[in-house]
Amino acid sequence: MKRVYVSRDMASVALGADEIARTLAQAGCDVVRTGSRGLFSIEPLVEVEMPEGRIGYGPVGAADVGKILDGTHPHRLGDVGALPFFASQQRFTFARCGITDPLSLEDYAAHGGWRGLDAARAAAPQQVVDIVKASGLRGRGGAGFPTGIKWQTVLDAPDGPRFIVCNADEGDSGTFADRMLMEGDPYCLIEGMAIAAHAVGASRGYIYIRSEYPFAIDTMRAAIDRAAGRIAPFVIEVRAGAGAYVCGEETALLDSIEGKRGQVRAKPPLPALKGLFGKPTVINNVLSLAAVPFILAEGAQAYADVGFGRSRGTMPVQLAGNVKHGGLYEVGFGITLGELVNDIGGGTESGRPVRAVQVGGPLGAYFPPSMFHLPFDYEAFAQAGGLIGHAGITVFDDTADMAQMARFAMEFCAVESCGKCTPCRIGSTRGVEVMDRIIAARDAAPVAAEGAAGGYLGEALHSRAPSRIDTGIEAQTALLRDLCDTMKFGSLCALGGFTPYPVLSALDHFPEDFGAPAPIEQAAE
Amino acid sequence: MTFTRETDHGTPPAIATGKSVTLTIDGAQVTMPEGTSIMRAASLTGCSIPKLCATDNVESFGSCRLCLVEVEGRAGYPASCTTPVADGMIVRTQTERLKQLRRGVMELYISDHPLDCLTCPANGDCELQEQAGAVGLREVRYGYDGATNMGQAKDQSNPYFDFDPSKCIVCSRCVRACDEVQGTFALTIEGRGFDSKVSPSQGQDFLSSECVSCGACVQACPTATLTEKKVVEIGTPDRAVVTTCAYCGVGCTFRAEMRGEELVRMVPWKEGKANRGHSCVKGRFAWGYAQHQDRILKPMIRSSVTEPWREVSWDEAIAYTASEFRRIQAQYGARSVGGITSSRCTNEETFLVQKLIRQGFGNNNVDTCARVCHSPTGYGLKTTFGTSAGTQDFDSVMKSDVILVIGANPTDGHPVFGSRMKQRLRQGAKLIVIDPRRIDLVKSPHIEAAHHLPLRPGTNVAMMTALAHVIVTEKLYDEAFIRERCDWDEFEDWAAFVSQPSRSPEAVEPLTGVKAQDARAAARLYATGGNGAIYYGLGVTEHSQGSSTVMAIANLAMATGNVGREGVGVNPLRGQNNVQGSCDMGSFPHEFSGYRHVSDDAVRGLFERKWGVTLDAEPGLRIPNMLDAATEGSFKGLFIQGEDILQSDPNTHHVAAGLAAMECVVVQDLFLNETANYAHIFLPGSTFLEKDGTFTNAERRIQMVRKVMAPLNGYADWEIVQLVAQAVGLDWSYTHPSEIMDEIAELTPTFAGVHYARLEAEGSLQWPANEAAPHGTPTMHIDGFVRGKGKFVVTDYVPTDEKTGPRFPLLLTTGRILSHYNVGAQTRRTANTAWHPEDRLEIHPADAENRGIKDGDWVALRSRAGETALRALITERVAPGVVYTTFHHPDTQANVITTDYSDWATNCPEYKVTAVQVALSNGPSHWQEGYAEHSRLSRRIVPLEAAE
Amino acid sequence: MHSLENPREDATLIRLEAADALIAQWTRRHGAARDQLLPLLHMLQEEMGFVDDALVAPIAAAFNLSRADVHGVVTFYHDFRRVPAGRHVVKICRAESCQARGGAAIEAAAAERLGVAMGGTRRDGQVTLEAVYCLGLCAVGPNALVDGRPVARVDVGRLDAIAREIAA
Amino acid sequence: MNDENAVMSTADRLIYMANQIARNVAVMGQDEAAAMVEDHIRSFWDPMMRRQIVALAAERPDALSPIAAAAVGRIAVHCR
């Protein structure tokens, strides 16, 4: 019986993988469902086990099964791992993803699984924390806070129960690494959490997964069942979100697990000291926790050797949107944005010129190609007025209307605002309105901005009266900047606080879309 | 006195750690307790940071973002409400950059707020308006055509306040006040983002929601979103006077906020140590009775109760009163008259009434309504500890680890303290409830009793002894405490008694109906769970073994070492505002003020010297004995100040017969109460708003009552008593209640340090307040019991003679409800009737089904004493075999049913146990209809002009 | 102070009884600590199609919360429906990566092809069309979720197929 | 009290009260209990009630329980 490998990843399934798997099974194959390799331009992908190794075919459809099995299909890729897209990666965290059966404990162990946990459990908690510190691992959720220091705070907290919480509320558009890992190598996350639990003395962990990820929820639950004995006495439970982006904010996430409205808590107190149920809590992103087994198994140095500046190790970068070779690309920090978009991603899928990329999800800045020299590094991006976030890169071609994208950023914030703080609650809605005025003015024939009527007491009292509002582009753009200032510095959390990034970056880099003259020169190159 | 709002420091004080930190705020170095917020620190140093979502009776929230500050070395602009001070911190609160950010936030607020300031009821008293000015907002550039939350319908369902969501800024202060302060959790934010809205329960109106109308939300609201109807009607206040509530024994202090001579609203005083800035629906809102049309403002007399009342001048009324009492005494002897003091009047007034009886009438026939509520507390705690009062202050509960509530229903009867207790329970203290009913505390949002022992009414002593049995036999008692603080031999006697197998939880289970294992678990928890505090109410005292239960409670506290420090103790929850005070003032027939027996020659000598008369050394008559003596013909005249014994005392037939047999009954009250139907002289009383004086609450706290308006009836009650005293020939010449308090202090060692000047300075004093305790005594028995060694008293369980049988198979027990107070004379004359328009009979579904009773049916309630009718409420709150009702409405006349069995030691009536039968009926009973007619006839008034 | 005393239709009553049983079963197995509230709401919605306002009282009672508290939670999360959805639910991703791949046009086409505006349920109750913000399939958009099944690279042809599926 | 007459007569009530006090302290033993009842009646009953109970004890010798009777007997000695 021929052994074939077909991904069960949600993206693969969305592309038709289930149908292919069914057809292969009907054809008498032993179908192993794996995670996704991470290159979607070759999906659906079928790998056939041959004496010389796994031979890939993709993209293929159910109708192609015959030709795949007899080796004649034109989309024969050979050894998938040898494709340049994969060969150039440094897969520390995603080493098994796409290769193993995600729920097979044997597969996991055979591919180096549990070595990190065993090493951790052989060491004292403080030693484990020290190793994580030495690796230079920083929070992969976006903030980039050193993971080891967070763990140290929890380890040092007074005696009593403590928790490990995995933030798998990956709501940023353009990111899917958490989902892929949970669907493709769930034990890796479980192992990472078990190591964290040992390091800080926690006996219970939660994985909070957004409800938009039903496959990840099912896979994690199944994996936790199977691995329960291996990680005992540590216990993990999956909690499903319920449609609230803001719950990706760690304190809102904690409130949501506690069964409350997912509103952001004011800090301090830090969750490390007063987190879930008011107890000391390690709350880390999926990718942070999933990086830990490698660090423990291979040593801190092996991880820290890779990277750039203060950004150590690898980052699973996600190439998304209008990109030819979209997918997951794990690589050491320091690679430039241009290399990722053009060399790895192959430019746009539409074939038109790249106009902009948004890095770090809906709260990330838009960058024009003129900034493609930026190295992938927390500090470099921050300096350039952006953020790496969860390392999703969404590519737009030259048909994109950046004013509409700025409007969408405000709209998204309005849809997802928890409503606690005023700048976000009211500001995002006002932001949409201001953008609408700017777009309307832009689209209308250019006229001089109306001046304020002024002078009348009534109008002074009723400064909101329509006649008093200057709806001209300049006034509205100034208002937009003021609003962004209020939101950026006044908001309680990153949702309201970072929404100005896409808005202002769009405004700054693409002023022509906002009815202003284009920048004088395209800098660089 | 001009109107200023109380200072709001924005966040509550830090939890004391004993450490302090030093920082710099706007260039000034300040030292603050660790954990203080920057906002509070700034406010305490006189620098005000703009704020909207912060207020100092709820935890900081960090949502409005107006209070942003700059902290050197920190990125961004932290919110000062959520950022604690730290050593060496350098904070700037007023910079151009901060002004710009705050203006930006305020511009957003105002972009979704109506611009009707000039016509808004909160104009001038609106934090949003004030802060908009403070941050220098001059224009709103967002336009008028955008999304808005304005234009939503007003909710005017609550009788006392309006909810106008169009004006809401979603600061959540109301929601948090409801959660954190009141503990009802009736409000939430519905939806999210721009659509976030304050929602009572499930988007309902306030009246049909879970709201209990405590008003904490109204107080918390920074805008006109939640506004008292009175403010809408009258306008914002222009002055405020701090005074004390005249409802329950919690003794909340309020700022009576006035506009001219009109009372606009009552705002709980944050400095008030009893209520800490909180209140309930009665105190905050239900004061309309003071101006109610039913109030009698002119004195009236009549020669027979079958005649209509005749309005007369004060002179005539007073002279007639004096002459009648002198006539009766001349005819029937010195002991043929007496008086009843009021637990609703001030200490000074109560003192004068008992002085009138003792000095003027020369006997000790004075009693008070405490007879029917907490007289067993006086007896029991005096016997065991040496003082007739609770051991703690209310704050103490915040240090309790295990709270045992027996025969009390704090969330209804003492709601403000109930909220306090719930705060502590939410912090993790454990709760044991011993009560036949499943009261709210047993299970309500975020509160759940660890143990509920639903005992059969009347078995308190057996229950408490069973708990003691467990504590003694399992050696959970505190031997060191007992050896040091109590009489060890007495303890051994008691221990031997409670250890008898017949006293075990298992043995008494058939009697109490409480599962032995639950009783054992509860006993272990109380004995070993840390600081154990007992709170009890009338469910303990109003039994034929009331005094025994009080002593059994005291035994339990002593045995476990739970007396003499914060967080523990034995705490009676006193019913009326000044029931503690009326007892303190010498209202009982056997003792002078300060609980000193009339037979004590030294004490009597002190009074005789001061008053210049010889005083009776023999105890006088208690209320039921006065009524007996009246029926026998030896008691003929009664002066009743502010009590309605016909409605509130047991066995109405007995009370009516006694009153009817008297020749002169004087009623001094606000209204023609039920007792007045049998009165010959009516002296109109004054409300607490119309006089100066003091009340003493359940924690022995003496607090000032201040006159906020002139008495509508012409005189304060103390002046009326003085007029009567002068008319009977006494040389009283008090010009102000403070002089009465001076006399009390002179004659009463525990009050020796209580003077108005001291009360003004301290805010309040808990007695004993004297040279030994110049600032009063929050916790009693700290270094030893007042009586010396704590006394263990063997409390045998002697069942009541009131027994169920085939004719009367159910047990009736009685209680109170949140919206009403006592016999309802005040609250029935307010909009509180919106919540509880009538008394209902709670009956278990099984008992109802057996009798074919459906929810809302009229049922006849019969006992050996009488019959009444009311409507049924089917609920599992009561156990099968038990029925329950309140007695707030005179139409119900629940006391027609109650018997005249009473406590063996104090004659406190057994309100809590009556054997009854319940059956379907067509409506009010024959007796009720007859009584209604009698009342109508008895209340006819011939006005002064017509009378002349 | 008052409870909801609306007379309930028989159907509602039957649904309430079913819900009571489900709630009781859930709390028996998982306890009634507050953190079980979201899982319970998910289960009820799964079993009953939506979280009826009438369920709030029994849920509140089971968890010892106020009705207000539960109502606040139900209305916070967009997943929880207070009214039933159509027989089919189509969710179209509106987030940036799908927009970069022509998502806006697909949103409009979906509304047109399915005969219902975004966020609404068709008059015949056959289909509800909703926005979703990212399904994590960001390299293969525009994406949709049709009755829970992910569909990538949605184009007009795929929309027609979806419309046919729903009509069936 | 019987079912037909809800209100006790004064005499009945006084006897009932004395017996009730006695029952509640009976656990202390006859002598101590009698002393306790005596003390209680002295402290809390007005002189006329005391005279009445003394008279009642004489009129209705079986009405009082032994403890109550003993206590009232001691009061009688002092009651002129």
Side-chain angles (χ1 to χ4, degrees), chain B residues 157-159 172 174-175 178-179 182-193 195-214 217 281 411-412 425-426 440-449 817-820 832 834-837 855-856 873 875-876, chain C residues 1-8 12-13 15-16 19-20 23-24 27 31-38 40-41 44-45 50-83 94-95 119 130-133:
Chain B
S157 62
N158 183 291
S172 295
C174 55
V175 179
C178 190
D179 296 356
Q182 166 61 21
T184 295
F185 297 82
L187 302 179
T188 187
I189 301 293
E190 173 186 291
R192 71 188 197 202
D195 298 327
S196 302
K197 285 178 183 59
V198 168
S199 155
S201 290
Q202 297 172 253
Q204 291 159 293
D205 63 55
F206 267 82
L207 193 65
S208 44
S209 76
E210 293 153 302
C211 168
V212 296
S213 197
C214 72
C217 55
V281 63
T411 54
D412 276 300
L425 293 170
R426 290 197 302 274
D440 277 347
L441 277 180
V442 172
K443 195 166 188 247
S444 61
H446 301 274
I447 302 292
E448 189 164 7
I817 200 160
L818 171 66
S819 50
H820 283 294
N832 276 23
W835 289 281
H836 188 75
D855 202 61
L873 175 71
T875 171
E876 291 183 355
Chain C
M1 293 185 189
H2 293 264
S3 58
L4 281 170
E5 280 175 19
N6 300 332
R8 286 165 180 147
T12 316
L13 213 74
R15 233 190 9 257
L16 272 179
D20 282 346
I23 294 165
T27 50
R34 183 180 185 142
D35 69 286
Q36 283 295 328
L37 181 55
L38 259 63
L40 174 89
L41 290 170
L44 287 173
Q45 176 147 309
F50 69 109
V51 182
D52 194 324
D53 280 351
L55 300 194
V56 168
I59 294 169
F63 282 81
N64 207 18
L65 301 170
S66 63
R67 287 188 287 120
D69 209 339
V70 176
H71 179 71
V73 172
V74 171
T75 57
F76 182 86
Y77 294 100
H78 288 178
D79 277 6
F80 300 129
R81 303 173 188 285
R82 293 168 64 197
V83 291
R94 292 198 63 216
E130 286 177 344
V132 63
Y133 293 87

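Chain letters run A, B, ... following the sequence lines, proteins first and then strands; every chain starts at 1. All of these numbers come straight from a predicted model, not from anything done at the bench.
- Counting heavy-atom pairs closer than 4.5 Å to chain C, the top-ranked of the candidates B:Lys443, B:His836, B:Arg192 is B:Arg192.
- For B:Glu448 (side chain) and C:Asn64 (main-chain N/O), no donor-acceptor pair under 3.5 Å exists by modelled atom type.
- If you tally non-hydrogen atom pairs under 4.5 Å between each of B:Gly191, B:Ala186, B:Gly203 and chain C, the highest count goes to B:Gly191.
- The minimum heavy-atom distance between B:Thr188 and C:Gly72, with the atom names listed, is OG1-CA, 3.3 Å.
- Looking at every heavy atom in both residues, B:Phe185 comes nearest to C:Ala68 through O-CB, 3.4 Å.
- In this structure, C:His71 NE2 and B:Gln204 CD are separated by 8.5 Å, a value rounded to the nearest 0.5 Å.
- When every heavy atom of C:Thr75 is checked against every heavy atom of B:Glu190, the shortest pair comes out as OG1-CA, 3.5 Å.
- Distance check: C:Arg34 CZ to B:His446 NE2 gives 5.5 Å after rounding to the nearest 0.5 Å.
- Put simply, SG on B:Cys178 and CG on C:Asp69 are 10.0 Å apart, with the number rounded to the nearest 0.5 Å.
- Neither the backbone nor the side chain of C:Ala60 comes within contact range of chain B; no heavy atom of the residue lies under 4.5 Å from a heavy atom of that chain.
- Contact annotation for B:Ser196: neither backbone nor side-chain heavy atoms come within less than 4.5 Å of a heavy atom of chain C.
- Contact annotation for C:Tyr77: only backbone heavy atoms (N, CA, C, O) come within less than 4.5 Å of a heavy atom of chain B.
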